Amino acid sequence: MNHWLVKSEPFKYSWEKFNEDGRTFWDGVRNYQARNNLKTMKEGDLVLFYHSNEGKNVVGIAKVVREFYQDPTTDDANWVVVDLSPVESLKNPVSLEQIKAEPSLTDISLVRQGRLSVMPLKATEFDKILEMGS
DNA sequence: GCCAACGTTGGC
DNA sequence: GCCAACGTTGGC
């Protein structure tokens with residue numbers, strides 16, 4: 001199983017809204033690297049949900065409930081979405097600051113490649129963030 | 001609101 | 001196919 005982290009700006013699509021919805025398709029990815037990551041996601045993969053801009057913290061865990069398919073918001077065949085459902089909220093959201101301060105997490109894309117909106121995480125990195133958030 | 005980082009576009 | 005110009009993202 002793979003682990004991922006996705007970003008969303010809270011005013012656009014927040015963790016709270018995601019929980020109200022119970023399920024969503026992850027649209028709006030317009031970057032090839034992020035798109036390739038979406039295509040690699042498998043059903044059941046776990047995904048950390050990060051609030052960018054406002055909050056700047058990892059707020060919860062989601063899982064992939066449907067693998068990639070054509071983005072319904074565009075006719076452009078380049079772009080795909082996956083379906084995600086919330087699993088649980090972190091007791092204590094983990095801030096970007098905490099992540100940067102944690103030596104074992106300084107290599108993750110969230111820190112190294114700030115603009116990427118869908119990125120893979122190693123199982124150890126995923127577990128570390130969960131540990132920091134519990 | 002500024003600006004750095006970086007991906008994309010388009011002229012040559 | 002290179003690279004300058006441009007646009008976007010996201011931290012601060």
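Per chain, numbering begins at 1; letters A, B, ... match sequence-line order. Since we're looking at a predicted model, the values are computed, not measured.
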Which atom pairs, donor and acceptor, lie under 3.5 Å between side-chain atoms of residues 64-72 of chain A and protein residues at least two apart or in another chain?
unit_1	atom_1	unit_2	atom_2	d
A:Glu67	OE2	A:Glu43	N	3.0
A:Tyr69	OH	A:Asp83	OD1	2.4
A:Gln70	NE2	A:Thr74	O	3.0
A:Gln70	NE2	A:Asp76	O	3.1
A:Asp71	OD1	A:Thr73	N	2.8
A:Asp71	OD1	A:Thr73	OG1	2.6
A:Asp71	OD2	A:Arg30	NH1	3.1
A:Asp71	OD2	A:Arg30	NH2	3.3
A:Asp71	OD2	A:Thr73	OG1	3.4

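- Residues satisfying the salt bridge (charged side-chain N to carboxylate O under 4.0 Å, His left out) test with A:Lys100, not counting sequence neighbours, are none.
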Can you give the donor-acceptor pairs under 3.5 Å from side chains of residues 102-109 of chain A to other protein atoms, not counting sequence neighbours?
unit_1	atom_1	unit_2	atom_2	d
A:Glu102	OE2	A:Ser104	N	3.3
A:Glu102	OE2	A:Ser104	OG	2.8
A:Thr106	OG1	A:Pro103	O	3.1
A:Asp107	OD1	A:Arg112	NH1	3.1

Throw together a table of side-chain donor-acceptor distances under 3.5 angstrom for residues 48-63 of chain A, partners on residues two or more places apart or in other chains.
unit_1	atom_1	unit_2	atom_2	d
A:His51	NE2	A:Trp15	N	3.0
A:Asn53	ND2	A:Glu9	OE1	3.1

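- Connectivity analysis of hydrophobic side chains (ILVMFWY, heavy atoms under 4.5 Å, direct or indirect) links A:Trp79 to A:Tyr32.
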Cut-off 3.5 Å, no hydrogens considered: what does the side-chain donor-acceptor table look like for residues 114-134 of chain A, sequence neighbours left out?
unit_1	atom_1	unit_2	atom_2	d
A:Glu125	OE1	A:Lys122	N	2.8
A:Ser134	OG	A:Leu130	O	3.4
A:Ser134	OG	A:Glu131	O	3.1

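- A:Asp21 is linked by a salt bridge (charged side-chain N to carboxylate O under 4.0 Å, His left out) to A:Lys17, counting only residues two or more places apart in sequence or in another chain.
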message = Does the protein touch nucleotides 4-12 of chain C at the base, only the backbone, or not at all? Give it as B, S and - per nucleotide, heavy atoms under 4.0 Å.
response = ---BBBBBS
Scan nucleotides 1-3 of chain C against the protein and return all N/O pairs shorter than 3.5 Å with their distances rounded to 0.1 Å.
none

